[in-house]
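Everything on this sheet refers to the single structure shown next.
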Amino acid sequence: MSEILEKTEHFVSEILEQKLDPKFLYHNLRHTQRVVKSTKELLNFYNLGAEEEEKLLLAAWFHDTGYTKGVENHEETSCEIATNFLKENAYDAKGIEEISSNIMATKRYHAPENLHQEIIRDADASHFAQKSYWETTDFLKEELELLGIANYSNKEWRDANIIMFRNEHQFYTAYAKENWEEGKERNLKQLVKEKKTEKEIAKKEALKAKYKSESPDRGIQTLFRVTLKNHLTLSDIADTKANILLSVNAIIISVALSNLIPKLDNPSNAYLIWPTGIFITFSVISMVLAVLATRPNVTSGQFTKQDVENKKVNLLFFGNFHKMSLGDYEWAIKELVKDNQYIYSSLTKDLYFLGLVLNRKYKILRLTYTIFIVGIVISVIAFAIAFNFLGGTGRL
């Protein structure tokens with residue numbers, strides 16, 4: 001460390017400890033030391049040279065000394081304190097000018113003009129990426145209250161910090177973006193999570209108050225909701241299984257058509273005809289059954305007003321109304337919601353017919369998987385027999 005840096009550290013530490021109002025819980029010696037440490041971390045990466053590094057470290061030490069004389073225009077005051085001190089220590093005028101420029105770069109909303117200013121700005125805001133952010137942000141909130149600058153509620157302070165993270169602050173140096181951005185995003189996610197949690201708690205409390213004296217209908221609704229969801233999930237599983245069978249058998253047939261069947265023209269491969277035929281036949285049957293399992297039924301798509309009045313139609317299934325006009329369907333729904341028993345009846349019909357569809361799907365799928373397994377086994381046996389008993393002679 002150079003002599004001027006040692007003198008500066010001693011000078012700044014002394015005035016921040018002795019002359020700074022104790023209400024400054026955030027902008028104090030501890031903050032300055034953190035900024036200096038972060039500046040050193042950045043300088044270790046960029047390796048600007050001893051002279052340039054010295055100027056940036058001097059700026060880091062002096063950047064908040066102006067708070068010893070008040071909050072207003074503290075950056076300009078910090079420049080004055082730095083200039084007077086450095087002149088007394090015979091520091092060159094050009095260097096003092098650069099140091100003052102770097103101090104002014106820490107001013108809020110300032111856009112950095114060069115790498116030096118980017119470094120000092122990133123160092124000044126490095127706490128956004130650190131685990132100590134939660135402690136420092138609380139200190140800053142309390143400091144603003146003690147100084148009479150602003151009085152935030154916890155919710156307002158959290159929202160203000162989220163806006164700061166998302167809309168105002170950014171890291172400028174490549175090093176900070178690569179090494180500090182992740183920590184900043186982690187702290188932002190925690191802020192957002194706390195906001196969501198607070199909203200969810202408030203929402204739950206509101207729902208509790210709303211449904212505190214709710215009727216037993218809620219249990220019935222839950223029963224229908226869960227059961228319908230289970231039916232739909234089972235239907236999706238059945239469709240997925242059918243798609244798997246379709247894909248596997250399509251691949252088998254494609255391979256057979258491209259590699260196996262062309263070889264049957266050769267008389268010496270005649271012994272492969274029966275095994276190949278068995279192989280492809282079972283694959284085709286499996287594909288047909290898989291298609292039948294997912295093949296939709298065609299419904300009439302319309303109903304009469306008399307059906308609605310007699311409560312004989314399920315208005316919740318699209319197959320019963322897809323050919324109806326919007327006006328007729330709106331009328332029917334209005335009739336439905338007037339009567340809870342009609343609603344429950346419609347839901348019951350939905351469950352019943354979904355069950356019938358599932359029964360059909362799973363029966364066909366079971367048969368399909370059985371045929372597929374049997375076909376694979378028989379085909380393998382047929383190929384084995386053909387190779388072992390007929391392949392050597394080349395004839396049946």
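Since the structure is predicted, the reported quantities are computational estimates derived from the model, not experimental observations.
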Should side-chain heavy atoms under 4.5 Å link Ile, Leu, Val, Met, Phe, Trp and Tyr, which residues sit in the same cluster as [X]?
{"X": "V226", "result": "none"}
{"X": "Y172", "result": "none"}
{"X": "M104", "result": "none"}
{"X": "L191", "result": "F128, Y133, W134, I162, M164, F165, L188, V192"}

Transitive ILVMFWY side-chain link [X] to [Y], under 4.5 Å:
{"X": "L245", "Y": "I237", "result": "no"}
{"X": "L358", "Y": "L367", "result": "no"}
{"X": "L246", "Y": "V288", "result": "yes"}
{"X": "L144", "Y": "I163", "result": "no"}
{"X": "Y352", "Y": "L234", "result": "no"}

When you compare the side chains of [X] and [Y], does any donor N or O come within less than 3.5 Å of an acceptor on the partner?
{"X": "H31", "Y": "D124", "answer": "yes"}
{"X": "W61", "Y": "S13", "answer": "no"}
{"X": "N161", "Y": "T137", "answer": "yes"}

In sequence, state the C-alpha distance, the side-chain angles, and the governing distance for H127 and Y26, and then conclude on ring pair (Phe, Tyr, Trp, His ring centres under 6.0 Å). CA-CA 11 Å; H127 66 289; Y26 172 78; 5.6 Å; yes

Sort and list the pairs that fulfil salt bridge (Lys or Arg N to Asp or Glu O under 4.0 Å) and have at least one residue in [range], not counting sequence neighbours.
{"range": "residues 275-290", "answer": "none"}
{"range": "residues 65-92", "answer": "E76-K107"}
{"range": "residues 161-187", "answer": "R108-E168"}

Output field: ring centroids Y91/F85 closer than 6.0 Å: no

Taking atom [atom1] as the centre, does [X] end up with more than 12 heavy-atom neighbours from other residues, nucleotides or ligands that are less than 6.0 angstrom away?
{"X": "F45", "atom1": "CZ", "answer": "yes"}
{"X": "K141", "atom1": "NZ", "answer": "yes"}
{"X": "E97", "atom1": "CD", "answer": "no"}

Check whether any side-chain heavy atom of [X] lies under 4.5 Å from a side-chain heavy atom of [Y], and answer yes or no.
{"X": "Q130", "Y": "R34", "result": "yes"}
{"X": "S38", "Y": "D122", "result": "no"}
{"X": "K23", "Y": "E143", "result": "no"}
{"X": "E54", "Y": "L5", "result": "yes"}
{"X": "E142", "Y": "D138", "result": "no"}

Under the salt bridge (Lys or Arg N to Asp or Glu O under 4.0 Å) rule, collect the residues that match up with K155, sequence neighbours excluded. D159

Using the test salt bridge (Lys or Arg N to Asp or Glu O under 4.0 Å), find all partners of E113 that sit at least two apart in sequence or belong to another chain. none

Per the ring pair (Phe, Tyr, Trp, His ring centres under 6.0 Å) rule, what does the pair list look like for residues 357-379, sequence neighbours excluded? none

Of all the heavy-atom pairs spanning [X] and [Y], show the shortest one and how long it is.
{"X": "I119", "Y": "L42", "answer": "O-CD1, 3.4 Å"}
{"X": "A150", "Y": "Y152", "answer": "CB-CE1, 3.5 Å"}
{"X": "F62", "Y": "A82", "answer": "CG-CB, 3.5 Å"}
{"X": "V35", "Y": "A123", "answer": "O-CB, 3.7 Å"}
{"X": "S286", "Y": "T368", "answer": "O-CG2, 3.3 Å"}
{"X": "I120", "Y": "L56", "answer": "CD1-O, 4.1 Å"}

In chain order, what residues pass the side-chain contact (heavy atoms from CB on, under 4.5 Å) check against E41, with sequence neighbours excluded? Y175, W180

Check side-chain contact (heavy atoms from CB on, under 4.5 Å) between E52 and all other residues, then give those that pass, not counting sequence neighbours. L48, K55, E98, H116

Under 3.5 Å: donor-acceptor pair, side chain of [X], backbone of [Y]:
{"X": "H27", "Y": "F24", "result": "no"}
{"X": "T77", "Y": "N73", "result": "yes"}
{"X": "R121", "Y": "A105", "result": "yes"}
{"X": "N114", "Y": "Q117", "result": "yes"}

Could you tell me whether E135 and R30 make a salt bridge, using a distance below 4.0 angstrom between a side-chain N and a carboxylate O? yes

Enter the distance from [X]:[atom1] to [Y]:[atom2] here, rounded to the nearest 0.5 Å.
{"X": "I280", "Y": "I285", "atom1": "CD1", "atom2": "CD1", "answer": "12.0 Å"}
{"X": "T8", "Y": "L86", "atom1": "OG1", "atom2": "CG", "answer": "6.0 Å"}
{"X": "Y67", "Y": "N28", "atom1": "OH", "atom2": "CG", "answer": "11.0 Å"}
{"X": "S254", "Y": "N249", "atom1": "OG", "atom2": "CG", "answer": "10.5 Å"}
{"X": "I252", "Y": "I376", "atom1": "CD1", "atom2": "CD1", "answer": "4.5 Å"}
{"X": "L16", "Y": "F11", "atom1": "CG", "atom2": "CZ", "answer": "9.0 Å"}

If you apply the rule side-chain contact (heavy atoms from CB on, under 4.5 Å), what do you find for T39 with E53, and how did you get there? CA-CA 9 Å; T39 303; E53 290 179 0; over 6 Å; no

Take K37 and S126 through the test side-chain contact (heavy atoms from CB on, under 4.5 Å) and record every step on the way to the result. CA-CA 10 Å; K37 182 180 178 181; S126 61; over 6 Å; no

Do V284 and M287 pass the side-chain contact (heavy atoms from CB on, under 4.5 Å) test, and can you show the C-alpha distance, the side-chain angles, and the key distance before you say yes or no? CA-CA 5 Å; V284 170; M287 286 188 69; 5.7 Å; no

Under the side-chain contact (heavy atoms from CB on, under 4.5 Å) rule, what do Q33 and V36 come out as? Steps first, then yes or no, please. CA-CA 5 Å; Q33 289 170 336; V36 172; 5.6 Å; no

